[in-house]
Novice: 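Here it is: the structure, laid out below.
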Amino acid sequence: MPELPEVETVVRGLGKLLPRQTIKTVEVLSAKSFLKATGLTEKPAAIEGLKIRSLSRRGKGIIIHLTRDYCLLIHLKMTGQLVYIEKDAKKRLNYGHPDANFLESMPSSHTRVFLRLTNGVLYFNDQRRFGYVKLTREELLDSDPFIKRLGIEPLSLEFNSKFLAGLARRRARSNIKATLLDQSGVVGVGNIYADEALFDAKVQPTRLGDSLSPTEITRLTKSVKKVIALGIKYSGTSLTHYKTGEGAQGKMQNHLKVYGRTGLPCTVCKTPIKKIRTAGRGTHYCPSCQK
DNA sequence: TGCCCCCTGCAG
DNA sequence: CTGCAGGGGGCA
């Protein structure tokens, strides 16, 4: 579910609320959802008494840095949520508001792990159990099997048209959409933002890497940066599961041009948006604007 | 470099 | 009931 803008929103939000708090207790309701880095034998309770120092993000992964060089690497995958509820917050909720209803339902049947902190509770919910909370250590992060495969950040200076041209050349016979989704190249782009970026760049998702002109590569590079930045600006896309760290809805769903708009008129040319299957995923595009 | 799969729930 | 869902690991 969450792509870079959603994960970044959660990290920024919780990064203001959690640091300096102590982990009082750890509750693991689904053993499958709590992993340990290879070599670590500690039980979940080993982090009880430690403090949260800071939060950071690597690709679509969330890292909660703890004292004594421990950390939690959290991946939300498709349906994960990481939501903090301050003590007594429920009393202050505006009854009937969708965010209030959601917060009131915590812990829910999908809560897999939760941490009782000094001033509140941090819930990890995950309907499909694809995601995880992994106990690890600072010195083990770079060799983590997930982290070590990650490529570069889309909003960084290293991600430029030269870099994307190189990626497309290396994956000459792959769909450009598959290349955007591959986290070993550029990180953080998922199904929504890939479709949105390709629409913005006026490039068909099924175009092969070696068929893109330099102009198209340049456009697509800018479009990736543009839609990712827009997603962050609007606190992410809430379609079904995604919530911010405070349990609120994102707003980017109101600004999507093609994703989830099958059959609706293109915002530019009114041609109905088409949905196909590419790279194993539902893919939305305008057959007229995108060449 | 593509596919199947992990798992659960919802819409058609 | 089948198919599909913001991800990505493991396997040809």
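When reading the values below, keep in mind they use all heavy atoms of this one structure, side chains included, and skip hydrogens, waters and symmetry mates. Proteins come first, then strands; the chains are lettered A, B, ... in the order of their sequence lines, and each starts at number 1.
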Novice: Under a single-linkage definition using a 4.5 Å side-chain heavy-atom cutoff for Ile, Leu, Val, Met, Phe, Trp and Tyr, are A:I47 and A:V133 assigned to the same hydrophobic cluster?
Specialist: yes
Novice: If you count heavy atoms of other groups shown closer than 6.0 angstrom to NZ of A:K36, is the number above 12?
Specialist: yes
Novice: Is A:R171 salt-bridged to A:D182, going by a charged N under 4.0 Å from an acidic O?
Specialist: yes
Novice: Between A:R116 and A:E27, is the closest basic N to carboxylate O distance under 4.0 Å?
Specialist: yes
Novice: State whether the distance check finds a donor on one side and an acceptor on the other, under 3.5 Å, for side chain A:R128 versus base B:dC7.
Specialist: yes
Novice: Apply the ring-ring contact (aromatic ring centres under 6.0 Å, His included) test between A:H255 and each candidate in A:Y193, A:Y234, A:F199; give the one that qualifies.
Specialist: A:Y234
Novice: Can A:F130 be said to stack with the base of B:dC7, given centres closer than 5.5 angstrom and planes under 30 degrees apart?
Specialist: no
Novice: Between A:K243 and A:E6, does at least one N-O distance fall below 4.0 Å, as a salt bridge requires?
Specialist: no
Novice: Check this for me, if you would: do A:K257 and A:D200 make a salt bridge, where the nitrogen-to-carboxylate-oxygen distance has to be below 4.0 angstrom?
Specialist: no
Novice: Ignoring backbone atoms, establish whether A:H110 has a side-chain N or O less than 4.0 Å from OP1 or OP2 of B:dT8.
Specialist: no
Novice: Mind running a 4.0 Å heavy-atom check of residues 141-153 of chain A against DNA chain C and sending the residues that fall below it, in number order?
Specialist: A:F146, A:R149
Novice: So what does the secondary structure string of DNA chain B come out as, 5' to 3', with Watson-Crick or wobble pairs under 3.5 angstrom, [ ] for crossing and | for pairs with another strand?
Specialist: ||||||.|||||
Novice: Between A:R58 and A:D144, is the closest basic N to carboxylate O distance under 4.0 Å?
Specialist: no
Novice: Measuring to OP1 and OP2 of C:dG7, would you say a side-chain N or O of A:K60 lies under 4.0 angstrom away?
Specialist: yes
Novice: So A:G236, base contact, sugar-phosphate only, or nothing? Heavy-atom distance under 4.0 Å.
Specialist: nothing
Novice: May I ask you to say what A:Y259 touches in the nucleic acid, namely base, sugar-phosphate or nothing, with a heavy-atom cut-off under 4.0 Å?
Specialist: sugar-phosphate
Novice: Above 12 or not: heavy atoms from other molecules or residues under 6.0 Å from NZ of A:K51?
Specialist: no
Novice: Answer with base, sugar-phosphate or nothing: what part of the nucleic acid does A:G280 contact at a heavy-atom distance below 4.0 Å?
Specialist: nothing
Novice: Assign A:R173 to base, sugar-phosphate, or nothing according to its heavy-atom contacts below 4.0 angstrom with the strands shown.
Specialist: sugar-phosphate
